[in-house]
Participant: 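Take this structure first; my questions come after.
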There are 2 protein chains.
Amino acid sequence: MKGKPTSFDIAYQAGVSQSTVSRALRGSPLVSAETRKRIQAIAKQLNYKVDKNASNLRRQHSVTLALLLFEDATSDAALVNPFFLSMLGSITRACAREGYDLLISFQQLSDDWHADFQDSHKADGLILLGYGDFEVARHKLEKLVEQGTQFVYWGAVEPGQPGISVGCDNVQGGRAVTEHLLSLGRRRIAFVGDASPHCPEFFDRYRGHCEALRAAGVPVVPALQVEAMDSSEKLGHAAVRMLQERGQKFDAVFAASDLLAIGAMRALEESGLRVPEDVAVVGFDDIPVAAFASPPLTTVQQDTRAAGEVLVQRLLQLIRGEPSESTMLPARVIVRRSCGQPGDTDATRMAQLRRAS
Amino acid sequence: MKGKPTSFDIAYQAGVSQSTVSRALRGSPLVSAETRKRIQAIAKQLNYKVDKNASNLRRQHSVTLALLLFEDATSDAALVNPFFLSMLGSITRACAREGYDLLISFQQLSDDWHADFQDSHKADGLILLGYGDFEVARHKLEKLVEQGTQFVYWGAVEPGQPGISVGCDNVQGGRAVTEHLLSLGRRRIAFVGDASPHCPEFFDRYRGHCEALRAAGVPVVPALQVEAMDSSEKLGHAAVRMLQERGQKFDAVFAASDLLAIGAMRALEESGLRVPEDVAVVGFDDIPVAAFASPPLTTVQQDTRAAGEVLVQRLLQLIRGEPSESTMLPARVIVRRSCGQPGDTDATRMAQLRRAS
DNA sequence: CTGAAAGCGCTTACAG
DNA sequence: CTGAAAGCGCTTACAG
């Protein structure tokens, strides 16, 4: 046998036409069971695999999805957002289950958003993770819609957004974790995270936060909110310093992400403040290290497993021309020690590790 | 414009033949600069992208690599080994730089090892991460070699192994971290991890460990070695219990992976033993949570960034028919508090976080 | 149920 | 430097 066998080789051995081989292997009902069986046996024996490129070319689709992870050009080249990473598993598996292959690519925020993948027929649709400044991203997303690109993205879920998005219920998450802080007696809660349309997810978390405060009759103090557009330990650290420079007193910090929260805790520690005794700290995301922070971080868990599933489902609906819609997933407060209430540390830590590994 | 433009559309607009369009866009020197320029401009204006499937079919290769992550069938479906995950970034980037696309797929250890990707022309070569029991994997790897599959894998680097592997210098890493423990006065060091050809990487770490002991004139006590074939917190926990049941005294634990080490620390804690005062603990891998463990875990860092680069380079050499060879990367001890020597916690923690995010 | 034939959109010898 | 033509390996109307 020279080179890879083709459907003609199978046909020859089976004594049928190449068309019949193709039909049999694609599961067409137009082939008799007996013929199909014979063909399959020979294909298996010859280790024949349908040539994807030929099949794709002919059928005009690739049965492949592309996962585009956007990252800041300024950040170190080896970084991958741990939150997105945790979605990777479920996305991959959902694709596999649906018979789709998954291309993965890291993109610079500044680049053209590669409709390239679809234009070149490398992928039938795109999953976008991480868009940076949403006001900038919005235009790019709108262009994608215009071009007829099939895509879904993880982010805020709000009316008027371009395309289909999947995200967690940030308002509810922000509300729930703030209520928890309030129930522990905290009243001056700082919020670390941008509260503007540039960061709709952080903004929604802030909205939920404010809702909870108002419902409890606690005043919303603008000076207790500090901008942080990105999610990093450094920005969280800087935010606490900023609050202190403002001379604001606070007994809790709600950081819009775990990375911000961890940086905030470090800054507090350095100022001689104890977490949670002096200042309670909560984050958002429940990234793997959250359970290992000192103290272990109370946070809001987004269901990354469901997230991956839903992203793939929505994208496939788009590709198949079925009705599809943006979807919000529930958020869940995970209580650990950083908020001042001894949580079930051991159990959550085990669960975390399991998710991490 | 109906549907995606083809090279014929470009040719028509440029007033040249389709062949010339193809040549111009592929950068053939057979096209005049002026013609090329005109064609490129029109292609750009029409948002033309070469159809990958057609191009691949014609050229008989896919300019795509497949990353296969193997996992235990028994483990929860959402798990991804954090160590492999940390390699993903550099693999992706190395592929992008070389102009290759990257398919990613999770495979069950028990499945056929999908030469499928290559047979179907989905990918030109494979990168395998995680093989489980190497004695079992060896046969599969040998079969891949027989079939002429182009692949590289992460693992031990030893003579007589099938195919091309890339791994860290486990012997050196095991030696170095043991020397460190010895330098801190520890003498009865337990080793948690399988020391057999089933786990060549763990075995090499054990070898390095024994070398260091012998060089220091410290006896190697077989009863201080506990099997753990896999890397999980649970097995690390069980290993410490086993040591205690054996009635062995030990003042340090060298776990063959961070996950094992973290489980071991928890078991020690539960027995009322203090880490590092009573028992020093060190791990291997330097996964993101290692810096956040309590106490922060001393471990051996594998250079995941270089790992990804080298894996891709070696695979491309194979694909291009160039000489290639298995490669060993250096390992580096990261000192944190779990070994009893106050490490530069803050600096390493920051570095860790940066790698984690 | 099966076969002959067209065609998916390129790339690349071949001829000029 | 350019064009006409073959062909990569399939899938799928079309005809039987």
Side-chain angles (χ1 to χ4, degrees), chain A residues 1-40 42-43 46-64 99 116 118-124, chain B residues 1-40 42-43 46-64 99 116 118-124:
Chain A
M1 189 74 29
K2 59 312 71 177
K4 306 238 180 256
T6 71
S7 52
F8 284 92
D9 298 320
I10 313 295
Y12 178 78
Q13 291 220 12
V16 296
S17 74
Q18 181 268 339
S19 333
T20 300
V21 170
S22 177
R23 284 196 196 93
L25 263 21
R26 301 214 79 230
S28 158
L30 295 176
V31 181
S32 76
E34 188 259 329
T35 311
R36 177 193 315 282
K37 202 140 297 170
R38 198 166 75 249
I39 290 171
Q40 283 171 336
I42 296 172
L46 261 53
N47 198 28
Y48 169 76
K49 294 279 161 21
V50 173
D51 186 299
K52 251 272 199 165
N53 294 128
S55 173
N56 288 348
L57 173 58
R58 185 49 233 254
R59 306 182 66 204
Q60 291 293 306
H61 65 235
S62 62
V63 205
T64 299
D116 184 292
Q118 196 177 332
D119 293 339
S120 64
H121 284 278
K122 284 182 193 174
D124 297 333
Chain B
M1 188 73 30
K2 57 321 70 186
K4 307 237 179 256
T6 71
S7 52
F8 284 92
D9 299 319
I10 313 295
Y12 178 77
Q13 291 220 13
V16 295
S17 74
Q18 180 268 339
S19 330
T20 300
V21 171
S22 177
R23 285 196 195 93
L25 264 20
R26 300 213 80 232
S28 159
L30 296 176
V31 182
S32 76
E34 188 258 328
T35 310
R36 179 194 313 285
K37 205 141 294 171
R38 197 166 75 250
I39 289 172
Q40 283 171 336
I42 295 173
L46 262 53
N47 198 29
Y48 169 76
K49 294 280 161 21
V50 173
D51 186 299
K52 249 273 198 165
N53 294 129
S55 173
N56 289 348
L57 173 59
R58 185 48 235 250
R59 306 182 65 204
Q60 292 294 306
H61 64 235
S62 62
V63 204
T64 299
D116 185 290
Q118 196 177 333
D119 293 339
S120 64
H121 285 276
K122 284 183 196 174
D124 296 333

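Chain A is the first sequence line, chain B the second, and so forth, proteins listed ahead of strands; every chain is numbered from 1.
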Participant: From CZ of B/Arg23 over to P of C/dT11, roughly how many Å is that when rounded to an integer?
Facilitator: 11 Å
Participant: Given D/dT11, D/dA5, C/dA13, identify the nucleotide with an atom nearest to the side chain of B/Ser19.
Facilitator: D/dA5
Participant: From NE2 of B/His61 over to C1' of C/dT12, roughly how many Å is that when rounded to an integer?
Facilitator: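 Rounded to the whole Å, the gap is 13 Å.
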Participant: What's the NZ-P distance between A/Lys4 and D/dC8, to the nearest Å?
Facilitator: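 Going from A/Lys4 (NZ) to D/dC8 (P), I get 16 Å.
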Participant: Atom CD1 of B/Ile10 and atom C1' of C/dT11: how far apart are they, to the nearest Å?
Facilitator: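 One finds 16 Å between C1' of C/dT11 and CD1 of B/Ile10, rounded.
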Participant: Select one nucleotide: of D/dC10, C/dT11, D/dT11, the one nearest the side-chain heavy atoms of A/Ser7.
Facilitator: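 Comparing D/dC10, C/dT11, D/dT11 against the side chain of A/Ser7, the answer is D/dC10.
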Participant: From CZ of A/Phe8 over to P of D/dC10, roughly how many Å is that when rounded to an integer?
Facilitator: 8 Å
Participant: Taking the minimum atom-to-atom distance to the side chain of A/Ala54, which one of D/dC10, C/dT11, D/dT11 wins?
Facilitator: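 The answer is D/dC10, which lies nearest to the side chain.
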Participant: Which heavy atom of A/Gly99 sits nearest to which heavy atom of A/Val63, and what is that distance?
Facilitator: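 Taking every non-hydrogen atom into account, O-CG1, 3.3 Å.
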Participant: Go through it in stages, so that I can follow the logic: the residues are B/Gln40 and B/Leu25, the test is side-chain contact (heavy atoms from CB on, under 4.5 Å), and I'd like the CA-CA distance, side-chain angles, deciding distance and then a yes or no.
Facilitator: CA-CA 7 Å; B/Gln40 283 171 336; B/Leu25 264 20; 4.1 Å; yes
Participant: Whole angstrom is fine here: how far is it from NE2 in B/His121 over to C1' in D/dG9?
Facilitator: 9 Å
Participant: To the nearest 0.5 Å, how far apart are OG1 in A/Thr35 and NZ in A/Lys37?
Facilitator: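 A/Thr35 atom OG1 to A/Lys37 atom NZ measures 11.0 Å (nearest 0.5 Å).
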Participant: Any idea which of D/dC10, D/dT12, D/dT2 is nearest the A/Thr6 side chain?
Facilitator: D/dC10
Participant: Spell out, as yes or no, whether a donor-acceptor pair under 3.5 Å connects the side chain of A/Arg36 to the backbone of A/Ser28.
Facilitator: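 Here the side-chain-to-backbone pair exists.
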Participant: Which residues pass the side chain to side chain donor-acceptor pair (under 3.5 Å) test with B/Ser7, sequence neighbours left out?
Facilitator: B/Gln18
Participant: Would you say A/Arg59 places a side-chain N or O within less than 4.0 Å of OP1 or OP2 belonging to D/dT12?
Facilitator: yes
Participant: Which residue, B/Gln60 or B/Val16, contacts DNA chain D at a nucleotide closer to its 5' end, judged by nearest heavy atom?
Facilitator: B/Val16
Participant: Examine D/dT11: is either OP1 or OP2 under 4.0 Å from a nitrogen or oxygen in the side chain of A/Ser22? Give yes or no.
Facilitator: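 Indeed, a polar side-chain atom of A/Ser22 lies that close.
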Participant: Atom CD in B/Gln13, atom CD1 in B/Ile39: separation rounded to 0.5 Å?
Facilitator: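 Answer for the CD-CD1 pair, B/Gln13 versus B/Ile39, is 12.0 Å.
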Participant: What's the closest nucleotide to the B/Gln18 side chain, out of C/dT2, D/dC8, C/dT11?
Facilitator: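 Per side-chain heavy atoms of B/Gln18, the pick is C/dT11.
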Participant: Less than 4.5 Å apart, any side-chain heavy atom of B/Asp51 and any of B/Thr6?
Facilitator: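 Contact flag for B/Asp51/B/Thr6 side chains = no.
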Participant: With the side chain counted from C-beta on, respond yes when A/Thr64 and A/Lys52 share a heavy-atom pair under 4.5 Å apart, and no when they do not.
Facilitator: yes
Participant: Working to the nearest 0.5 Å, report the span between CZ of B/Arg58 and CG of A/Leu57.
Facilitator: 12.5 Å
Participant: Kindly point out which of D/dT11, C/dT12, D/dG9 is positioned nearest to the side chain of A/Leu57?
Facilitator: D/dG9
Participant: If the C1' atom of D/dT12 is compared with that of D/dG16, how far apart are they to the nearest Å?
Facilitator: 16 Å
Participant: Have a look at A/Arg26 and say if it touches a base, only the backbone sugar-phosphate, or nothing, with a 4.0 Å heavy-atom cut-off.
Facilitator: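 Since only primed, P, OP1 and OP2 atoms lie under 4.0 Å of A/Arg26, the category is sugar-phosphate.
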Participant: I need the NZ-P distance between B/Lys49 and C/dC8, as an integer number of Å.
Facilitator: 22 Å
Participant: With hydrogens left out and only the distance checked, is there a donor-acceptor pair under 3.5 Å joining B/Arg58's side chain and the base of D/dG9?
Facilitator: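 Looking at the base of D/dG9, it does not pair with any donor or acceptor on the side chain of B/Arg58 (distance under 3.5 Å).
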Participant: It should be established whether A/Ser17 places a side-chain nitrogen or oxygen under 4.0 Å from OP1 or OP2 of nucleotide C/dG3.
Facilitator: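 For C/dG3, OP1 or OP2 has a side-chain N or O of A/Ser17 closer than 4.0 Å.
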Participant: Taking the side chain of B/Thr20 as heavy atoms from C-beta outward, which of D/dT2, D/dG7, D/dT11 is closest to it?
Facilitator: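 Comparing D/dT2, D/dG7, D/dT11 against the side chain of B/Thr20, the answer is D/dT2.
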Participant: Taking atom CG of B/Asn56 and atom OG of A/Ser120, what is their separation to the nearest 0.5 Å?
Facilitator: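 The OG atom of A/Ser120 is 9.5 Å from CG of B/Asn56, to the nearest 0.5 Å.
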Participant: Report the distance from atom NZ of A/Lys122 to atom OG of B/Ser55, rounding to the nearest 0.5 Å.
Facilitator: 10.5 Å
Participant: Mind calculating the distance between OH (A/Tyr12) and P (D/dG9) to the nearest angstrom?
Facilitator: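 Computing the A/Tyr12:OH to D/dG9:P distance gives 18 Å.
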Participant: Specify the residues of residues 28-38 of chain B, ordered by number, for which at least one heavy atom lies under 4.0 angstrom from an atom of DNA chain C.
Facilitator: none
Participant: State the dot-bracket string of DNA chain C. Criteria: Watson-Crick or G-U wobble, both atom distances under 3.5 angstrom; notation: ( ) intrastrand, [ ] crossing earlier pairs, | interstrand, . unpaired.
Facilitator: |||.||||||||.|||
